[in-house]
Amino acid sequence: MSENPNNWPLWEIFIQSKRGLDHKHVGSLHAADAQMAIENARDVYTRRQEGQSIWVVPAVAISASQPDDAAMLFDPADDKTYRHPTFYQMPEGAKFI
Amino acid sequence: MKMTQQEALFTYCLRRGDDNLILSHRLSEWCGHGPQLEEDIALTNRALDLIGQARNYLQYAGEVEGKGRSEDDLAYMRKERDFVNVKLVELHNGDYAFTMARNFLYDAWHLPLQQALMKSADAQLAAIAGKAVKEITYQLKTSADWMIRFGDGTEESHRRAQTALDALWTCTGELFATDEVEAILQKAGIVPAMAPIKAAFDTKVDAVLAEATLKRPADGFMMSGGREGKHTEHLGFLLAEMQYLQRAYPGATW
């Protein structure tokens with residue numbers, strides 16, 4: 001279907017499952033505009049009570065890092081364990097940090 | 001012999017059930033053939049909503065009748081002449097504009113009717129309507145959106161939407177026709193008067209068609225007969241497919 005020049009643009013869909021939680025990326029779909037994208041997302045992604053709020057974003061509006069750049073971007077963090085907060089003493093009695 | 005209130009209620013539930021059941025089956029025919037995967041899923045969802053509503057009505061019809069017929073008996077073991085749906089819902093799907101225009105006309109009638117039925121003196125009818133209204137509100141919103149997209153879209157989509165409306169319009173009269181069944185039930189406060197529902201239908205249709213730049217067809221000849229079991233030639237073929245399994249293997253389960 002993606003070769004069809006008349007195909008509707010692609011939208012990335014984000015669903016919030018509960019009030020207060022983040023909107024999470026759940027997938028993508030085709031729609032002619034934002035309103036139709038919300039309606040389609042409702043039917044494709046919230047059939048089983050998955051959500052209470054929907055965000056739709058045109059896929060072309062998302063800029064992504066290149067997979068080829070992954071080594072340059074992320075590997076340097078591998079040997080910098082001092083960036084993890086594991087060197088602190090836990091205060092006595094603290095359950096959640 | 002005069003019709004009793006129980007007989008009237010049975011027939012009324014059958015009408016509500018049959019309208020939903022037959023439209024649901026027509027929409028299910030789009031499954032796997034939608035113009036886009038997303039539309040395919042949306043129409044199937046709508047078909048499932050309608051079948052849920054049909055089940056509630058047919059189940060209640062069986063209860064009211066009191067002869068031990070289940071919702072399945074009523075859906076699968078009645079003949080063409082026993083079905084009392086309007087002709088609007090049994091017509092072939094046509095193109096996507098035709099399917100959506102039919103959905104729109106049906107929804108614009110269905111929503112105010114169900115909203116009024118929420119105040120029925122019959123607790124079961126009120127409960128069925130209360131459950132359905134949210135679904136129908138969404139259905140009307142999406143079918144109205146499609147009318148506007150088609151009408152105010154391209155020259156081709158406008159032409160197709162107008163052609164569909166013109167063809168379907170003669171089937172809208174039946175939605176508002178009343179007979180002895182309604183008269184008996186209206187007197188008992190079980191079903192609403194039709195005039196306010198027609199007014200709500202007119203207001204909605206006029207507003208959406210104006211935005212869609214489509215012309216409302218003139219009220220001329222109107223089809224009738226569906227409520228008495230007199231159908232178009234299309235219903236028999238639909239039932240043949242819908243009822244095949246229960247007819248070939250009565251009582252089959254899986």
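Convention: sequence-line order gives letters A, B, ...; per-chain numbering from 1. Because only heavy atoms are used, hydrogens play no part in the values below, and waters and symmetry mates are left out as well, while side chains stay in.
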- Whatever's closer than 4.5 Å to a heavy atom in chain B on A/Ala41 counts as neither
- Message: For the CE atom of A/Met36 and the CG atom of B/Asp145, what is their distance to the nearest 0.5 Å?
- Response: 8.5 Å
- Do other residues, nucleotides or ligands put more than 12 heavy atoms under 6.0 Å from the NZ atom of A/Lys80? yes
- Query: Just wondering, do A/Tyr45 and B/Ile41 contact through their side chains at under 4.5 Å, heavy atoms?
  - Reply: no
- Message: Within the structure provided, determine whether B/Leu37 and A/His30 are in side-chain contact (heavy-atom separation under 4.5 Å).
- Response: no
- Message: Hydrogens and angles aside, do B/Gln36 and A/Asn40 bring a side-chain donor and acceptor to less than 3.5 Å of each other?
- Response: no
- Query: Any side-chain heavy atom of B/Glu39 within less than 4.5 Å of one from A/Trp8?
  - Reply: yes
- Is it true that atom CZ of B/Arg15 has more than 12 heavy atoms of other residues, nucleotides or ligands lying nearer than 6.0 Å? yes
- Message: Just checking B/Glu155: does its CD atom have more than 12 heavy atoms from other residues, nucleotides or ligands closer to it than 6.0 angstrom?
- Response: no
- Atom group of B/Arg46 that falls short of 4.5 Å from chain A, counting heavy atoms: neither
- Query: CD of B/Glu211: more than 12 outside heavy atoms within 6.0 angstrom?
  - Reply: no
- Spacing of A/Gln35 atom CD and B/Ile148 atom CD1 [to the nearest 0.5 Å]: 8.5 Å
- Taking every heavy atom of B/Tyr138 against every heavy atom of A/Arg42, the minimum-distance pair comes out as CE2-NH1, 3.2 Å
- Query: Is the NZ atom of B/Lys87 crowded by more than 12 outside heavy atoms at less than 6.0 Å?
  - Reply: yes
- Query: Above 12 or not: heavy atoms from other molecules or residues under 6.0 Å from NZ of B/Lys119?
  - Reply: no
- Query: Around atom CZ of A/Phe14, are there more than 12 heavy atoms of other residues, nucleotides or ligands at under 6.0 Å?
  - Reply: yes
- Going by heavy atoms in the side chains, are B/Glu38 and A/Trp11 under 4.5 Å from each other? no
